[in-house]
Amino acid sequence: MDYSAHFHREIVAFEQAARGAADGADAPLIPSCPDWTMSDLVLHLGGVHRLVARVIRERLDRQPDITDATLFELPEDRGGWPAPTGGPHHGPVPVSLVDWFAEGAARLEALFRSEDPELAVWTWSAERTAGFWLRMQTIEAALHRWDAEQAAGGRARPVEPGLAVDAVAQTFEVMAPARRAWREAPAGAGERFRFRRTDGPGLWTVRFDGDDVRLTTGAADEDTDVASGDVELAGTASDLMLFLWQRLPADRLDKVTGDQAVLDRYFTLVPPV
């Protein structure tokens, strides 16, 4: 997959939504991130981009000090900008904030295109490569582009199917184990969830056994019934991704079958970040 092309498309669309909201009116709230306005969202994603760029550019093997303000290359004049903590921050979205975001996103994109994905750098994951950051930040850009478009008053466009399919797999390969460790989630008791794509081929079966997240993919059991105690969720690749990132409720998917009590435990087993 050409993650760089996806990253470019998503950050450009995010910037467009943010600039559209920088119209002098009060910053719109982000419905999917209720503690944030558009200003908070722009500051968050722009800050992440600069942190990742520093890690890759300087080949860091450990997390940089996030209390070091120079990490984020902030301009001196930040009138109207949100504070880095707390929220939601009201008032107009500063054009200078969107400019700062766009500059940082372009720099990170250039690094992604020029550096070897196998370059060894610090990450919060077991995979410590620049390629990890490229995949992670492409998915995060798509997610927050959806957030921004939804908040900006227009209909948020779905995530491109190929990227959404990868994001579903990445949820269980990377994010679910990390979330469980960060939030000290309870041990799994064999709960099994099947995610079926309805706009193309794709089937993911996930089982939670103790501390393990066991993922199988493929079409081997596409025609089998949902076993007692299991849950199947069917939807487009984009909708499945957005459900897994708590942007869409289960009842917005095409079909949900199985044990409701098991479904209700899903976000206990995989707590939100």
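Just so it is clear, the values below take in all heavy atoms, side chains as well, and ignore hydrogens, waters and symmetry mates. None of these values were measured; they are calculated from a predicted model.
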Undergrad: Is atom CD of Glu184 surrounded by more than 12 heavy atoms (other residues, nucleotides or ligands) closer than 6.0 Å?
TA: no
Undergrad: Working to the nearest 0.5 angstrom, can you tell me the gap between Gln170 CD and Met136 CE?
TA: 5.0 Å
Undergrad: Are Val12 and Leu108 connected into the same hydrophobic cluster when the rule is that any two of I, L, V, M, F, W, Y join if their side-chain heavy atoms are below 4.5 Å apart?
TA: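 The answer is no; the residues belong to distinct hydrophobic clusters.
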Undergrad: Between atom OG of Ser32 and atom CD of Gln150, what is the distance when rounded to the nearest 0.5 Å?
TA: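 Between atom OG of Ser32 and atom CD of Gln150 there are 5.0 Å.
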Undergrad: Go through it in stages, so that I can follow the logic: the residues are Leu240 and Trp245, the test is side-chain contact (heavy atoms from CB on, under 4.5 Å), and I'd like the CA-CA distance, side-chain angles, deciding distance and then a yes or no.
TA: CA-CA 9 Å; Leu240 290 175; Trp245 282 89; over 6 Å; no
Undergrad: At their closest point, which heavy atom of Pro28 faces which heavy atom of Ala151, and how far apart are they?
TA: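 Looking at all heavy atoms of both residues, the shortest contact is CB-O, 3.5 Å.
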Undergrad: Honestly, is Arg62 close enough over Trp124, meaning NZ or CZ under 6.0 Å from the six-membered ring centre and within 45° of the axis?
TA: no
Undergrad: Indicate, with yes or no, if Trp182 and Ile139 share a hydrophobic cluster defined by side-chain heavy-atom contacts under 4.5 Å among Ile, Leu, Val, Met, Phe, Trp and Tyr.
TA: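 Yes, it is one cluster - the side chains of Ile139 and Trp182 are joined through contacts under 4.5 Å.
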Undergrad: How long is the span from the SG atom in Cys33 to the NE2 atom in His144, to the nearest 0.5 Å?
TA: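 NE2 of His144 is found 6.0 Å from SG of Cys33.
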Undergrad: Walk me through it: do Arg19 and Asp99 pass the test side-chain contact (heavy atoms from CB on, under 4.5 Å)?
TA: CA-CA 9 Å; Arg19 288 200 185 281; Asp99 292 342; 2.7 Å; yes
Undergrad: According to the interplanar angle, ranging from 0 to 90°, do the rings of Phe193 and Tyr266 count as parallel (below 30°), tilted (30 to 60°) or perpendicular (above 60°)?
TA: perpendicular
Undergrad: Is any side-chain N of the basic residue among Glu173 and Arg135 closer than 4.0 Å to the acidic one's carboxylate O?
TA: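 Yes, Glu173 and Arg135 are salt-bridged.
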Undergrad: Classify the ring geometry between Trp122 and Trp133 as parallel (under 30°), tilted (30 to 60°) or perpendicular (over 60°).
TA: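 Rings of Trp122 and Trp133: tilted, as their planes differ by 30° to 60°.
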Undergrad: Are Tyr3 and Phe112 close enough that their ring centres sit under 6.0 Å apart?
TA: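 That pair fails the under 6.0 Å test.
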Undergrad: Using the rule that two of Ile, Leu, Val, Met, Phe, Trp, Tyr join whenever any of their side-chain heavy atoms come within less than 4.5 Å, decide whether Leu29 and Leu97 are in one cluster.
TA: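 No; Leu97 is not reachable from Leu29 via cluster members.
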Undergrad: Are side-chain N/O atoms of Glu127 and Ser125 paired as donor and acceptor at under 3.5 Å?
TA: no
Undergrad: How are the rings of Phe195 and Phe243 set relative to one another: parallel (under 30°), tilted (30 to 60°) or perpendicular (over 60°)?
TA: tilted
Undergrad: Check for a donor-acceptor pair, side chain of Arg113 on one end and backbone N or O of Leu111 on the other, with a separation under 3.5 Å.
TA: no
Undergrad: Judged by atom type as modelled, is there a donor-acceptor pair below 3.5 Å linking the side chain of Thr171 to the main-chain atoms of Met175?
TA: no
Undergrad: May I ask you to decide whether Glu73 forms a salt bridge with Arg107, counting only side-chain N to carboxylate O separations under 4.0 Å?
TA: yes
Undergrad: Does atom CG (Asp211) have a neighbourhood of more than 12 heavy atoms from anything else shown, all under 6.0 Å?
TA: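 No, not enclosed.
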Undergrad: With the 4.5 Å side-chain cut-off for hydrophobic clustering, are Ile11 and Val95 part of the same group?
TA: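 As far as the 4.5 Å side-chain criterion goes, Val95 and Ile11 are not connected within one cluster.
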Undergrad: Is Arg265 paired with Glu191 through a side-chain N to carboxylate O contact shorter than 4.0 Å?
TA: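 The answer is yes: the pair qualifies as a salt bridge.
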Undergrad: Look at atom NE2 of His8 and say whether more than 12 heavy atoms of other residues, nucleotides or ligands are closer to it than 6.0 Å.
TA: no
Undergrad: Does atom CG of Asp2 have more than 12 heavy-atom neighbours from other groups under 6.0 Å away?
TA: yes
Undergrad: Step by step, work out the side-chain contact (heavy atoms from CB on, under 4.5 Å) result for Leu233 and Arg194.
TA: CA-CA 6 Å; Leu233 301 99; Arg194 189 162 62 187; over 6 Å; no
Undergrad: Does Ile66 CD1 have over 12 foreign heavy atoms under 6.0 Å away?
TA: no
Undergrad: Side chain to side chain contact (heavy atoms under 4.5 Å, CB included) with Pro92: which residues, sequence neighbours excluded?
TA: none
Undergrad: The criterion is side-chain hydrogen bond (donor to acceptor under 3.5 Å, both in side chains); which residues satisfy it with Gln63, sequence neighbours excluded?
TA: none
Undergrad: Quick one: OG1 on Thr198 to NZ on Lys255, what's the gap to the nearest 0.5 Å?
TA: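 Atom-to-atom, Thr198:OG1 and Lys255:NZ are 11.5 Å apart.
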Undergrad: Taking the six-membered ring for Trp and the full ring for Phe, Tyr or His, determine whether the centres of Trp100 and Trp81 are under 6.0 Å apart.
TA: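 Close enough - the centres of the two rings lie under 6.0 Å apart.
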Undergrad: Are the side chain of Arg180 and the backbone of Leu269 linked by a donor-acceptor contact shorter than 3.5 Å?
TA: yes
Undergrad: Going through the distances and angles, do Val93 and Val98 end up as a side-chain contact (heavy atoms from CB on, under 4.5 Å)?
TA: CA-CA 8 Å; Val93 177; Val98 183; 4.0 Å; yes
Undergrad: Could you point out which residue of Thr205, Asp209, Asp230 forms a side chain to side chain donor-acceptor pair (under 3.5 Å) with Arg192?
TA: Asp230
Undergrad: How many angstroms lie between atom CZ of Arg57 and atom CZ of Arg59, to the nearest 0.5 angstrom?
TA: 10.5 Å
